[in-house]
Amino acid sequence: MSPRPGVPTKLIRPLNRAFFARDPRRVARELLGKVLVRAAEPGGAQESGTPGKTRLTARIVEVEAYLGERDPAAHSYAGRTARNAVLFGPPGHAYVYFIYGNHYCLNVSCEPDGVAGGVLFRALEPTEGIEEMARNRGVELDGKKELQKKFCAQLTSGPGRLCEAFDVTRARDNGGDLTSSAGSLWIGDDGYHARGIRLTPRIGITKAVDRPLRYILSGSPCVSGPKKLAG
DNA sequence: ATATCGATTATCT
DNA sequence: GATAATCGATATG
């Protein structure tokens, strides 16, 4: 595919369902370096100069694998319920849950239909639509480069933060298909080659705390958690 | 740099 | 009634 004037050279192609129909550990590792996309919304507000919403994209730099019914830390451990049903359904769909009365978290379902498993998105590196992410997060972007870097991390570093930046909610996104670029939220590959993958224990859990199921791109300024585990 | 704590609600026991 | 795959603010070394 040859580049044309006015067309971005880095095409983002959606990952297919087979990508997700595997062990969450494999999916987690291979998701590093891929891109989360929130499609632009047509229209926007006609009133009062509110700009139409632009596309949001960010590179995946930190994820955790949750292994299904055999993993005590996973929501699917106790079996299928109304809340976790997506984790038991077909692969490549969004499992969004509400936590601590404040935050949403985004997962993608893995394993074939009928088998539980998922990957939690923990941190992203913003690439397109940074200003809108800042608006969604309620943070001020000022011009200084040092701060830009910090704010950049502040936008999408942590599972609750990235959901706020991408306006991910349960009502809107739970159960949605993440393998179609026609959808509002999807996951794609722009050809980036991930380097420096490290494994650490997962964060914020009280069971199976020692299993190394957190995957990070070491060196990314956006990786969440204590510096000790930043890679 | 690390520790502790309050917020706030869906879900399950 | 307790807990939770978190965040932001505050306190302390």
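By convention in this document, chain letters (A, B, ...) are assigned in the order of the sequence lines, proteins followed by strands, and residues within each chain are numbered from 1.
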Notebook entry, point to check: ring-ring contact (aromatic ring centres under 6.0 Å, His included): which pairs involve residues 104-141 of chain A, sequence neighbours left out?
Noted result: A/F98-A/Y104

Note to self: Pair A/R83, A/Y95 - check side chain to side chain contact (heavy atoms under 4.5 Å, CB included), show working.
What the structure shows: CA-CA 9 Å; A/R83 177 175 69 151; A/Y95 169 52; 3.7 Å; yes

Check: When you measure from every atom of DNA chain C, which of residues 106-124 of chain A have a heavy atom less than 4.0 Å away?
Finding: A/N107, A/L120, A/R122

Margin query: Could you tell me if the side chain of A/E111 sits less than 4.5 Å from the side chain of A/V27, heavy atoms only?
Written below: no

Please output the side-chain donor-acceptor pairs of residues 155-162 of chain A that fall under 3.5 Å, not counting sequence neighbours, one pair per line with the distance.
{"from": "A/T156", "atom 1": "OG1", "to": "A/L124", "atom 2": "O", "distance (Å)": "2.7"}
{"from": "A/S157", "atom 1": "OG", "to": "A/C222", "atom 2": "O", "distance (Å)": "2.8"}
{"from": "A/R161", "atom 1": "NH1", "to": "A/S157", "atom 2": "O", "distance (Å)": "3.0"}

Item checked: Set of ring-ring contact (aromatic ring centres under 6.0 Å, His included) partners for A/H93, sequence neighbours left out -> none

Notebook entry, point to check: When Ile, Leu, Val, Met, Phe, Trp and Tyr are grouped by side-chain heavy atoms lying under 4.5 Å apart, directly or through other members, which residues fall in the same group as A/V115?
Noted result: none

Between protein and nucleic acid, restricted to nucleotides 8-12 of chain C and to nitrogen or oxygen atoms under 3.5 Å apart, what atom pairs and distances do you find?
{"from": "C/dG8", "atom 1": "OP1", "to": "A/R137", "atom 2": "NH1", "distance (Å)": "3.0"}
{"from": "C/dG8", "atom 1": "OP1", "to": "A/R137", "atom 2": "NH2", "distance (Å)": "2.9"}
{"from": "C/dG8", "atom 1": "OP2", "to": "A/R161", "atom 2": "NE", "distance (Å)": "2.5"}
{"from": "C/dG8", "atom 1": "OP2", "to": "A/R161", "atom 2": "NH2", "distance (Å)": "2.5"}

Margin query: Please enumerate all residues that pass salt bridge (Lys or Arg N to Asp or Glu O under 4.0 Å) together with A/R137, with sequence neighbours excluded.
Written below: A/E164

Next item on the list: Name all residues meeting the side chain to side chain contact (heavy atoms under 4.5 Å, CB included) criterion together with A/R38; count only those two or more places apart in sequence or in a different chain, and write none if there are none.
Entry: A/L56, A/F166, A/V168, A/R172, A/D173, A/S184, A/L185

Margin query: As a check on the pairing definition, encode DNA chain B in dot-bracket form, counting Watson-Crick and G-U wobble pairs whose two distances are under 3.5 Å, and using | for partners outside this strand.
Written below: |||||||.||||.

Check: Taking all non-hydrogen atoms of both residues, which atom of A/T57 and which atom of A/R55 are closest, and how far apart?
Finding: CG2-NE, 3.7 Å

Next item on the list: Give the intermediate values and the outcome of side chain to side chain contact (heavy atoms under 4.5 Å, CB included) for residues A/L213 and A/E64.
Entry: CA-CA 6 Å; A/L213 294 173; A/E64 285 176 359; 5.8 Å; no

Check: Which residues within residues 62-74 of chain A lie with some heavy atom under 4.0 Å of an atom in DNA chain C?
Finding: A/Y66, A/A73

Side chains of residues 85-92 of chain A: which donor-acceptor pairs under 3.5 Å do they make with residues two or more places apart or in other chains?
none

Checklist line | Member of A/V223, A/I203, A/V63, A/L106 meeting the side-chain contact (heavy atoms from CB on, under 4.5 Å) criterion with A/R122 | finding: A/I203

Check: With a cut-off of under 6.0 Å to the ring centre and 45° to the axis, is A/R17 in cation-pi contact with A/F20?
Finding: no

Check: For the side chain of A/Y97 and the base of C/dA4, is some donor closer than 3.5 Å to an acceptor across the two?
Finding: no

Below 3.5 Å between N/O atoms, which protein atoms pair up with nucleotides 9-13 of chain B? Just atom names and distances, please.
{"from": "B/dT11", "atom 1": "OP1", "to": "A/R170", "atom 2": "NH1", "distance (Å)": "2.4"}
{"from": "B/dT11", "atom 1": "OP1", "to": "A/R170", "atom 2": "NH2", "distance (Å)": "2.9"}
{"from": "B/dC12", "atom 1": "OP1", "to": "A/T81", "atom 2": "OG1", "distance (Å)": "2.6"}

Next item on the list: Answer yes if the side chains of A/T127 and A/R59 hold a donor-acceptor pair under 3.5 Å, and no otherwise.
Entry: no

Notebook entry, point to check: Does CZ belonging to A/R211 count more than 12 external heavy atoms closer than 6.0 Å?
Noted result: no

